[in-house]
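All remarks here apply to the structure that follows.
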There are 2 protein chains.
Amino acid sequence: MIGTDEIKVVIVEDFKLTRVGLRCALNENKDINVVGESENATDGLRLIEQLKPQVVLMDLGLPGMNGIEAILKLRETNKDVKIIALTSHDREEEVITVLSAGANAYCLKDIDPIKLSDVIRDVANGVCWLDAEIAGKVLRSFPKQDKMVLLNNQSQNHNQVPLTEREFEVLKHLVSGKSNTEIAKELIVSVHTAKAHVCSILQKMCVNDRVQAAVKAVKEGIV
Amino acid sequence: MIGTDEIKVVIVEDFKLTRVGLRCALNENKDINVVGESENATDGLRLIEQLKPQVVLMDLGLPGMNGIEAILKLRETNKDVKIIALTSHDREEEVITVLSAGANAYCLKDIDPIKLSDVIRDVANGVCWLDAEIAGKVLRSFPKQDKMVLLNNQSQNHNQVPLTEREFEVLKHLVSGKSNTEIAKELIVSVHTAKAHVCSILQKMCVNDRVQAAVKAVKEGIV
DNA sequence: GAGTATATTACCCAATCGTCGCATTTAATT
DNA sequence: AATTAAATGCGACGATTGGGTAATATACTC
């Protein structure tokens, strides 16, 4: 389950003491390798581009460009690297913003180093991990719908969006703004085929045109 | 950091084989004690009330009352117990609904039992843990408007979109899937005007067509 | 082997879309 | 007073879209 390869980590953290502490603690693990460190976001971004780590430990309270800006900037060019936001107790309100910006996990700085190593392994594999102190806040942020709506959503999601794999591919291209011609080119089929798929997508999603389909797909996270 | 007390767990899962497998795997751990099992939600809820476990493993694909209903019902009376939603690959779309209902973690059934033990310990301490397969979906579901707010409040405005109020109105209708004709009717102007607005919206947003405009607007929370 | 589902291709047609140029009115700014 | 930006309107153009119907091929199920 857990990859056997070594996990490359870059640390972006302004306090030298914390930085050294993190590096020492993490390098105790054979499978975790701290390949780079930076005390500010600008250098950090450059380091990440050069070293291509699997995981970034990003302090949120950086001088100059702060952690959130750094995450946004990083995500503009790199969708794959996993970002663990590291912060102290006094910035817990930012959690939703940080996750929106593109972080994969959120830890408080007083986390047990051993636990942090586990989190790094999890996050490297794609897991989302949220510290206990703020997990409740995030979970409560999900729109509270009443029972009926929740149950309806569930049954609808199951029976009324049975897109085939091919249609799903087409939908993704559609959402990215491609025309039928472009979709056809992308999937190496004729325009007629692309149109046929779009047509059946519209019917299955119960919408009238591709704009509605795209919006619905984005809002419901189907893509 | 991690509590030294034994963690009491109740399993609610209809497949006997899976249930037994879970119990055996978890009871390998000295600190985890499977105190109860149930093959359906009704009995499961009763068990949880009696045994007061710290953690519940809740299968979502139960016969009769399903897992989501069970979670909702459980949360009516018990805010403290931690709920780990357990499911197979074919129900990944439910994840947001499940978290809204009150689950603390979301695992796929093919999780490594050792990993599951770790997750149980984490969740018992309040952590939110989401399987890699669905973490992306959840993280993407966070409203992107925070990004705009952030950029407005904090740093330089990147390529801000200076839409006029009228164009903004048109954009909202556009996102809701209306045609130019419908937009015109809605705003009580001619189709030509509506088209003119759409045209300038596309140019200002640097996109090629209304689908891209709609998707961009939704993703960035402009609407 | 028959039947069903999916993917693929094709054609026609009405409607819509995106762009361009041009024109008028109003409001705000200089 | 002159300029600018915004909102409104018109006509025309080619491109695109969505609907309908239908045929063929493949794959999977019963």
Side-chain angles (χ1 to χ4, degrees), chain A residues 155-220 222-223, chain B residues 61 88-93 157 159-220 222-223:
Chain A
S155 50
Q156 279 173 6
N157 280 348
H158 268 299
N159 303 332
Q160 298 196 341
V161 190
L163 293 186
T164 66
E165 282 189 30
R166 200 56 163 167
E167 287 163 353
F168 192 78
E169 286 184 79
V170 172
L171 179 58
K172 282 193 290 191
H173 289 297
L174 191 159
V175 169
S176 81
K178 293 197 174 70
S179 70
N180 290 336
T181 315
E182 289 170 319
I183 295 174
K185 211 167 290 173
E186 202 81 37
L187 302 182
I188 323 200
V189 294
S190 81
V191 188
H192 307 287
T193 308
K195 284 179 66 172
H197 286 312
V198 170
C199 215
S200 91
I201 288 172
L202 298 185
Q203 288 169 352
K204 287 184 179 178
M205 291 180 78
C206 300
V207 294
N208 298 317
D209 58 55
R210 53 175 51 222
V211 178
Q212 290 175 13
V215 170
K216 190 167 184 175
V218 171
K219 282 189 175 173
E220 302 193 355
I222 301 179
V223 290
Chain B
S88 40
H89 276 95
D90 59 347
R91 308 184 71 141
E92 293 178 11
E93 326 77 43
N157 295 350
N159 15 9
Q160 277 295 54
V161 189
L163 293 185
T164 68
E165 285 189 28
R166 200 55 165 168
E167 288 163 351
F168 191 79
E169 287 184 79
V170 172
L171 179 57
K172 283 193 290 190
H173 290 297
L174 191 159
V175 169
S176 79
K178 292 196 174 71
S179 70
N180 289 338
T181 315
E182 290 170 318
I183 296 173
K185 211 168 290 175
E186 203 81 36
L187 302 182
I188 324 203
V189 294
S190 81
V191 188
H192 304 95
T193 308
K195 285 177 74 171
H197 287 312
V198 170
C199 209
S200 96
I201 288 172
L202 298 186
Q203 286 168 355
K204 286 184 179 177
M205 291 180 76
C206 300
V207 294
N208 298 318
D209 57 56
R210 53 172 53 219
V211 179
Q212 290 176 15
V215 170
K216 191 167 183 174
V218 171
K219 281 189 174 173
E220 306 199 348
I222 301 178
V223 289

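In what follows, every chain begins at residue 1, and chains take the letters A, B, ... in the order their sequences are listed.
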Pairing of A:Glu169 and A:Lys172 as salt bridge, 4.0 angstrom limit: no
Once you round to the nearest 0.5 Å, how far does CD1 of A:Ile183 lie from CD of A:Glu186? 9.0 Å
Rounded to whole Å, how long is the line connecting atom CD of A:Glu165 with atom P of C:dT8? 12 Å
Mind calculating the distance between CZ (B:Arg166) and P (D:dG9) to the nearest angstrom? 9 Å
At under 4.0 Å, does any side-chain N or O of B:Ser190 touch on OP1 or OP2 of D:dG9? yes
Review item, nucleotides 21-25 of chain C N/O atoms under 3.5 Å of protein N/O:
none

Across all chains, not counting sequence neighbours, the side chain to side chain donor-acceptor pair (under 3.5 Å) partners of B:Glu167 are B:Thr164, B:Ser200, B:Lys204
Separation of atom CG in B:Leu174 from atom C1' in C:dC17, rounded to whole Å: 11 Å
Side-chain donor or acceptor of B:Lys216 paired with backbone N/O of B:Met205 under 3.5 Å: yes
Spatial distance of atom CD (B:Gln203) from atom CG (B:Asn208) [nearest 0.5 Å]: 11.0 Å
Which atoms of nucleotides 26-30 of chain D (N or O only) lie under 3.5 Å from a protein N or O atom, and what are those distances?
none

Which atom names give the shortest non-hydrogen contact between B:Leu202 and B:Ala213, and what distance separates them? CD2-CB, 3.9 Å
Could you walk me through whether A:Thr193 and A:Arg166 satisfy the side chain to side chain contact (heavy atoms under 4.5 Å, CB included) test, starting with their C-alpha distance in whole Å, then the side-chain angles of each, then the deciding distance to 0.1 Å, before giving a yes or no? CA-CA 11 Å; A:Thr193 308; A:Arg166 200 56 163 167; over 6 Å; no
Counting just side-chain N and O atoms, does B:Thr164 come under 4.0 Å of either OP1 or OP2 of D:dA7? yes
Using five base pairs at each end, measure the axis-to-axis angle across the helix from C:dG1-D:dC30 to C:dT30-D:dA1 and round it to 10 degrees. 50°
Please list, for nucleotides 27-30 of chain C, all pairs of protein and nucleotide N/O atoms separated by less than 3.5 Å.
none

Qualifying residue for side-chain contact (heavy atoms from CB on, under 4.5 Å) with B:Val211, from A:Val175, A:Val211, A:Asp209: A:Val211
Separation of B:Ile201 CD1 from B:Cys206 SG (nearest 0.5 Å): 13.0 Å
May I have the distance from B:Lys204 (atom NZ) to D:dA5 (atom C1'), rounded to whole angstrom? 9 Å
B:His173, B:His197, B:Lys195 screened by side-chain contact (heavy atoms from CB on, under 4.5 Å) with B:Asn180, the one that passes: B:Lys195
Under 3.5 Å, N/O pairs linking protein and nucleotides 16-25 of chain D:
unit_1: D:dT17; atom_1: OP1; unit_2: A:Asn180; atom_2: N; d: 3.3
unit_1: D:dT17; atom_1: OP2; unit_2: A:Asn180; atom_2: N; d: 3.2
unit_1: D:dT17; atom_1: OP2; unit_2: A:Asn180; atom_2: ND2; d: 3.4
unit_1: D:dG18; atom_1: OP1; unit_2: A:Arg210; atom_2: N; d: 2.9
unit_1: D:dG18; atom_1: OP2; unit_2: A:Arg210; atom_2: NE; d: 3.0
unit_1: D:dG18; atom_1: N7; unit_2: A:Lys195; atom_2: NZ; d: 3.3
unit_1: D:dG18; atom_1: O6; unit_2: A:Lys195; atom_2: NZ; d: 2.8
unit_1: D:dG19; atom_1: O6; unit_2: A:Lys195; atom_2: NZ; d: 3.3

In whole Å, what is the span from the CD1 atom of A:Ile188 to the P atom of C:dA7? 16 Å
Determine: side-chain N/O of B:His192 to OP1/OP2 of D:dG11, distance under 4.0 Å, yes or no. no
